[in-house]
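When a ligand or atom number is given, it counts from 1 through the structure's own listing order.
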Amino acid sequence: MNCKNVIVKIPCKAMVQGITSHPELGKPDYVRALAQHDAYIKAMESLGVKVRVLPADESYPDSCFVEDVAVVSEKCAVVTNPGAPSRNAETRAIIPVLEDFWTKESIHRISAPGTLEGGDVMRVENTFYAGLSERTNAEGIRQFTVIMERYGYKTIAVPLTEVLHLKTGVNYLDGNKLLVAGEFITKQEFASFDKTVIPREDYAANCLWINGTVILPAGFPKTEAIIRRLGWPVLPVDTSEFRKLDGGLSCLSLRF
Ligand code: GLY
């Protein structure tokens with residue numbers, strides 16, 4: 001689906017204290033992270049997307065991963081309820097921003113005991129796949145399903161066993177094509193898709209199809225070659241500093 005707008009949030013200095021399951025990669029270099037974030041914005045703009053840039057928020061180390069605090073579509077927006085306790089209150093700051101794009105009536109909320117993070121939600125046309133993960137629970141998916149049904153969208157829950165978020169390992173490109181790694185290669189929920197398996201470059205599964213071009217993390221040549229063979233131009237963007245916090249390309253924006 002074509003994308004007209006994205007919302008991004010500048011990384012804060014406190015990002016060096018962000019959550020990570022890969023401490024062996026080291027702490028992010030803040031200056032480099034800012035430069036990479038700027039390149040991400042420029043990549044989006046080069047594809048015809050209008051970028052709304054939110055200021056850094058030092059209270060929340062992981063707040064540059066703005067995808068997790070909302071799920072958006074052309075008809076509505078859902079403010080999530082992040083399952084990571086240190087990230088839960090990040091949602092407060094996104095509400096006034098969403099109100100610039102959606103009416104108050106079309107902005108909804110996931111509430112406790114439900115939890116949901118946007119990184120667990122992948123849209124394919126009028127269906128949302130929602131990962132049942134350490135961050136997103138069954139009650140969160142139930143609430144999300146009820147909200148989205150009102151707008152004619154279907155939700156399919158996908159239990160996860162290996163990855164942090166659903167889109168850590170699977171991303172929809174276009175034309176029924178999915179890029180998959182790890183546990184997503186064999187998942188029944190994605191049986192009807194035309195799947196392309198990432199060859200030992202699992203991190204590159206988190207890519208973004210934006211208006212006919214695929215933004216890919218830099219440094220994954222096998223995946224880049226595969227996507228080019230599929231017929232799409234590739235725009236590599238370095239995300240090394242966000243990877244140190246389990247973050248990828250999709251985590252850094254809300255797209256609509
Ligand atoms: N460090 C990003 C997250 O765990 O949500």
Side-chain angles (χ1 to χ4, degrees), residues 6-37 40 54-72 78-94 97 109-110 112 114-122 129-137 140-141 144 158-171 181-184 202-208 215 217 237-255:
V6 304
I7 298 171
V8 300
K9 190 160 185 148
I10 300 286
C12 60
K13 291 193 188 83
M15 76 177 288
V16 295
Q17 308 300 338
I19 306 169
T20 182
S21 61
H22 289 289
E24 75 282 3
L25 296 178
K27 298 265 187 211
D29 177 312
Y30 181 60
V31 173
R32 193 175 296 161
L34 284 180
Q36 291 179 351
H37 197 261
Y40 180 85
L54 309 181
D57 184 346
E58 291 296 338
S59 308
Y60 301 104
D62 289 292
S63 52
C64 62
F65 300 119
V66 70
E67 174 179 63
D68 289 317
V69 298
V71 178
V72 296
V78 179
V79 179
T80 66
N81 191 29
S86 67
R87 302 200 58 194
N88 189 263
E90 281 179 32
T91 53
R92 280 190 214 131
I94 201 69
V97 180
R109 297 210 63 152
I110 303 297
T115 63
L116 189 122
E117 295 191 0
D120 273 322
V121 181
M122 177 179 76
Y129 291 84
L132 189 57
S133 70
E134 283 182 18
R135 304 284 185 87
T136 295
N137 65 17
I141 296 178
F144 182 79
V158 183
L160 309 185
T161 54
E162 293 173 6
V163 291
L164 171 65
H165 284 137
L166 180 87
K167 284 183 291 193
T168 308
V170 57
N171 274 278
E183 63 182 298
F184 298 99
D202 289 14
Y203 179 76
N206 188 267
C207 63
L208 291 171
I215 304 183
V237 171
D238 194 355
T239 53
S240 65
E241 302 318 295
F242 302 100
R243 186 180 187 184
K244 292 172 182 173
L245 300 179
D246 302 330
L249 285 165
S250 77
C251 314
L252 291 170
S253 61
L254 290 166
R255 301 160 299 278

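When each atom of ligand 1 is checked for a heavy atom of Phe65 under 4.0 Å away, the hits are 1 (N), 2 (C). Taking every non-hydrogen atom of Arg135 and a distance limit under 4.0 Å, the qualifying atoms of ligand 1 come out as 3 (C), 4 (O), 5 (O). Near Asp62, meaning under 4.0 Å from any of its heavy atoms, are these atoms of ligand 1: 1 (N), 2 (C). Residue Leu245 has at least one heavy-atom neighbour below 4.0 Å for each of these atoms of ligand 1: 1 (N), 2 (C).
The shortest distance between side-chain heavy atoms of Leu252 and Cys64 falls below 4.5 Å. Between Lys167 and Glu67, the closest side-chain pair of non-hydrogen atoms falls below 4.5 Å.
Nearest heavy atoms, Leu166 versus Val121: CD2-C, 4.4 Å.
Contact annotation for Ile19 and ligand 1: heavy atoms of both the backbone and the side chain come within less than 4.0 Å of the ligand.
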Would you please test Arg109 and Asn81 for side-chain contact (heavy atoms from CB on, under 4.5 Å) and show each step? CA-CA 8 Å; Arg109 297 210 63 152; Asn81 191 29; 5.9 Å; no
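If you check the side chains of Ser133 and Asp120, you find a donor sitting under 3.5 Å from an acceptor.
Between the side chain of Glu58 and the main chain of Ala14, a donor-acceptor pair closer than 3.5 Å is present.
Not a single heavy atom of Asp246 sits less than 4.0 Å from an atom of ligand 1.
Inclusion of His165 in the set of residues having an N or O under 3.5 Å from an N or O of ligand 1 is not warranted.
Protein heavy atom nearest atom 5 (O) of ligand 1, with residue, atom name and distance: Arg87 NH1, 2.8 Å.
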